[in-house]
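Single-structure report; data block below.
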Amino acid sequence: MATLGEFLNSLSSKLLPEVDFGLPTADPLSPLESVVRARDEWTAAKNYFEMVSDPDLVDHAIYMLEAAERKYMYLLKRAKTEGLESPTF
């Protein structure tokens, strides 16, 4: 039996084949996996910010960095309140 996300992706691809809505089809991540992924996104955003040299992209890099940092801090705080402890945090 298909999940709701798979059904919606299938339906949208038939109605609008040129548009990718990016709806999730996999099972949700565990809290630990979410924190690790958010930390990796934050690291990638820091690297992107450090590499940007075009003045037009600096604002975008700052936005991405701040958003990734806030996401990581939120998920880290939530994981700790749920009692998850890991040396990778």
Looking only at heavy atoms, the pair that brings Val52 and Ala61 closest together is CG2-CB, 3.9 Å
Enter the distance from Ile62:CD1 to Leu57:CG here, rounded to the nearest 0.5 Å. 11.0 Å
Can you tell me how far CD of Glu41 sits from OG of Ser34, rounded to the nearest 0.5 angstrom? 9.5 Å
If you round to the nearest 0.5 Å, how far is CG of Leu75 from CH2 of Trp42? 12.5 Å
Does a sphere of radius 6.0 Å around CZ in Phe49 hold more than 12 heavy atoms from other residues, nucleotides or ligands, not counting ones at 6.0 Å or beyond? no
Are Tyr63 and Val58 co-members of a hydrophobic cluster defined by side-chain heavy atoms under 4.5 Å apart? no
Checking Ser30 now: which residues fulfil side-chain hydrogen bond (donor to acceptor under 3.5 Å, both in side chains) with it, not counting sequence neighbours? Glu33
Closest contact, heavy atoms only, Glu82 versus Pro31: OE1-CG, 3.6 Å
Point-to-point distance, once rounded to the nearest 0.5 Å, from OG1 of Thr43 to CG of Leu65: 10.0 Å
Kindly give the heavy-atom pair with the smallest separation between Ala45 and Met64, and that separation in Å. CB-O, 3.9 Å
